[in-house]
Amino acid sequence: MKLLSNSKFGFGMMRLPRGEDGEIDIAKTSVMVDDFLSKGFTYFDTAYVYNGSEVAVRKALVERHPRDSFTIASKLPTWNMNGPEDVERIFNETLERLGTDYLDFYLLHNVTAENIDTFNKYDCWNWGKQKKAEGKIRHFGFSSHSTPEFLDKVLSEHPEIEFVQLQLNYFDWENEKVRAREMYEVVRKHDLPIIVMEPVRGGSLASLPDEPAGILRAADPSRSIASWALRYIASKEGVMTVLSGMSDETQVRDNLATFENFKPMTAEEDAMMMKVADILHSYPTIPCTGCKYCVEGCPMSINIPGVLAALNQVRMFGKSDVASKRYADVTKEGGKAGECIGCGACAGTCPQHLDIPALMIEAAEVFGE
């Protein structure tokens, strides 16, 4: 296996800081980018469908630093395609937004059994090979929230793929729905580098209940809770880059401290993380990662990940002012949980296969609206 990047740590540009107007705060993002680069890390991950992200990467990174001092990854989504011409259109829009004439890494966005027919119909595989030949793409791969069986089939049929991006973390390692360990093993079998997304599961593994948090603090009180999640997956053989979607300078500094002088996990620590995962799995929480794929198609404009985060707060700690305030904050500019019409558009796009309409009913009962 040949690693395509020397940056063990990658900056996920999905959850950037935003101002009161909802726009990405370029000044704050620039400080975060500068700190990240100053420690020798170079990998930046964005996507066509991340609201404002590609433009923010241009303003905070591309326009302020030499092009050879960083690498950029972006992604081609099926849900913005209505014809073969859209493949080239989306790619060119990405280049324009980013202010670059090539991409170091380009991914087909979330290849699954549900959308692969679109990638096949528009011949995105050969298109990617052609863009590599033209020098517009340096490395061609895909991300996937699928099954191990499907992943194995796709990789067997497409030797042009150079890397795969997967959702891997200690909570999902033996998760029967996500099957992270099996997904990891499939890519290892094909001897391809792995880029990790959701290592802290959308931030849910950065703050834990008292019992599991106490285990980690007893092992090393100097380490943050999030750092354990990052170290766990970064220690796995074949992992090229671990992405973290950071939204403030505190997160950047904490993550940099983990990776700057990276210390792989011991076998004892690995076993400890599995014990923590077992405890977390014993709680009846909702495994939402906050990816927001469900939000764009919601006819009632409900902030579904925000509502589920508030509901998880109640499931784990009981009804409280904190949970009520969180729910109020995430619904003040959109629909309430009780306004869900049960259309199911959200469930069809959820990588975690959640029954979102049923969860909206529960949230409406819990929060009274």
Side-chain angles (χ1 to χ4, degrees), residues 4 14 45-51 53-54 72-98 100-167 178-179 183 186-187 189-190 192-195 197 291-299 343-354 356:
L4 309 176
M14 185 185 193
D45 173 87
T46 183
Y48 182 81
V49 297
Y50 296 169
N51 181 24
S53 176
E54 289 181 328
I72 306 177
S74 195
K75 310 177 189 74
L76 178 72
T78 55
W79 50 97
N80 292 85
M81 296 183 197
N82 295 303
E85 68 280 356
D86 288 330
V87 178
E88 193 73 12
R89 174 186 62 81
I90 290 170
F91 181 71
N92 288 333
E93 284 184 24
T94 283
L95 292 180
E96 182 178 357
R97 289 175 178 180
L98 289 168
T100 184
D101 56 6
Y102 72 93
L103 285 168
D104 304 275
F105 297 86
Y106 199 60
L107 300 83
L108 304 183
H109 200 158
N110 193 23
V111 176
T112 65
E114 291 72 28
N115 67 14
I116 194 169
D117 286 347
T118 301
F119 286 125
N120 291 341
K121 180 168 62 174
Y122 300 144
D123 200 18
C124 295
W125 312 95
N126 283 319
W127 174 87
K129 289 165 64 177
Q130 180 60 37
K131 287 299 170 187
K132 270 201 70 179
E134 295 172 5
K136 296 289 187 178
I137 297 172
R138 298 287 172 84
H139 301 293
F140 184 49
F142 66 81
S143 63
S144 185
H145 297 274
S146 61
T147 65
E149 295 81 8
F150 177 81
L151 180 62
D152 190 29
K153 181 176 183 293
V154 174
L155 290 177
S156 297
E157 293 174 351
H158 293 286
E160 67 271 25
I161 291 301
E162 299 176 86
F163 65 95
V164 181
Q165 185 165 310
L166 297 175
Q167 174 179 318
V178 180
R179 301 171 69 187
M183 295 285 280
V186 166
V187 181
K189 184 183 81 170
H190 288 271
L192 294 175
I194 297 170
I195 297 172
M197 56 181 162
C291 70
K292 298 185 179 179
Y293 291 163
C294 57
V295 174
E296 186 173 346
C298 178
C343 68
C346 50
T349 63
C350 178
Q352 316 308 323
H353 313 292
L354 301 177
I356 297 174

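When side chains are defined from C-beta on, Leu95 does not count as touching Tyr102, because their heavy atoms never get closer than 4.5 Å. Counting heavy atoms from C-beta outward, Met81 and Phe119 have side chains that approach closer than 4.5 Å. The shortest distance between side-chain heavy atoms of Phe142 and Leu76 does not fall below 4.5 Å. Two residues are said to be in side-chain contact when any heavy atoms from C-beta on lie closer than 4.5 Å; Lys136 and Phe91 meet this criterion. With contacts defined as side-chain heavy-atom distances shorter than 4.5 Å, the pair Phe163/His139 qualifies. The shortest distance between side-chain heavy atoms of Val164 and Met183 does not fall below 4.5 Å.
Rounding to the nearest 0.5 Å places CD1 of Ile90 at 10.0 Å from CD of Glu85. Here Leu108 contributes atom CG and Gln165 contributes atom CD; the two are 12.0 Å apart, rounded to the nearest 0.5 Å. The distance from the CG atom of Leu155 to the NE2 atom of His190 is 4.5 Å, given to the nearest 0.5 Å. Remark: Glu160 CD to Phe140 CZ distance equals 6.5 Å, nearest 0.5 Å. Taking CD from Glu296 and SG from Cys298, the interatomic distance works out to 11.5 Å, rounded to the nearest 0.5 Å. For the atom pair SG of Cys294 and CD of Gln352, the computed distance is 10.5 Å after rounding to the nearest 0.5 Å.
When all heavy atoms are compared, the tightest approach of Ile137 to Gly128 is CD1-O, 4.3 Å. Nearest heavy-atom pair across Cys350 and Ile356 is CB-CD1, 4.2 Å. Between Ala345 and Gly297, the shortest heavy-atom contact is CB-O, 4.0 Å. Val187 and Pro193 get closest at one heavy-atom pair: CG1-O, 4.3 Å.
Checked options Leu103, Thr94, Leu98; the residue passing with Thr46 is Leu98 (criterion: side chain to side chain contact (heavy atoms under 4.5 Å, CB included)).
Heavy-atom contacts from other residues, nucleotides or ligands closer than 6.0 Å to NZ of Lys131 number more than 12. The local environment of CD in Gln130 is crowded, with over 12 non-hydrogen atoms from other residues, nucleotides or ligands closer than 6.0 Å.
Classification of Glu162 and Lys132 as a salt-bridged pair holds, one side-chain N sitting under 4.0 Å from a carboxylate O. Salt bridge status for Lys75 with Glu54: absent, with no side-chain N to carboxylate O gap under 4.0 Å. Using a 4.0 Å cut-off between charged nitrogen and carboxylate oxygen, Arg179 and Glu149 count as a salt-bridge pair.
Between the side chain of Arg97 and the backbone N or O of Tyr48, at least one donor-acceptor pair lies under 3.5 Å. Listed for the Asn115 side chain is a donor-acceptor partner under 3.5 Å among the backbone atoms of Asn110.
Between His109 and Trp79, the two ring planes are tilted [angle within 30° to 60°].
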* To do: Applying side-chain contact (heavy atoms from CB on, under 4.5 Å), run through Val154 and Ile161 and close with a yes or a no.
  => CA-CA 9 Å; Val154 174; Ile161 291 301; 5.8 Å; no
* To do: Give the intermediate values and the outcome of side-chain contact (heavy atoms from CB on, under 4.5 Å) for residues Leu107 and Ile195.
  => CA-CA 11 Å; Leu107 300 83; Ile195 297 172; 5.5 Å; no
* **Check against side-chain contact (heavy atoms from CB on, under 4.5 Å), Cys291 and Met14** => CA-CA 9 Å; Cys291 70; Met14 185 185 193; 4.1 Å; yes
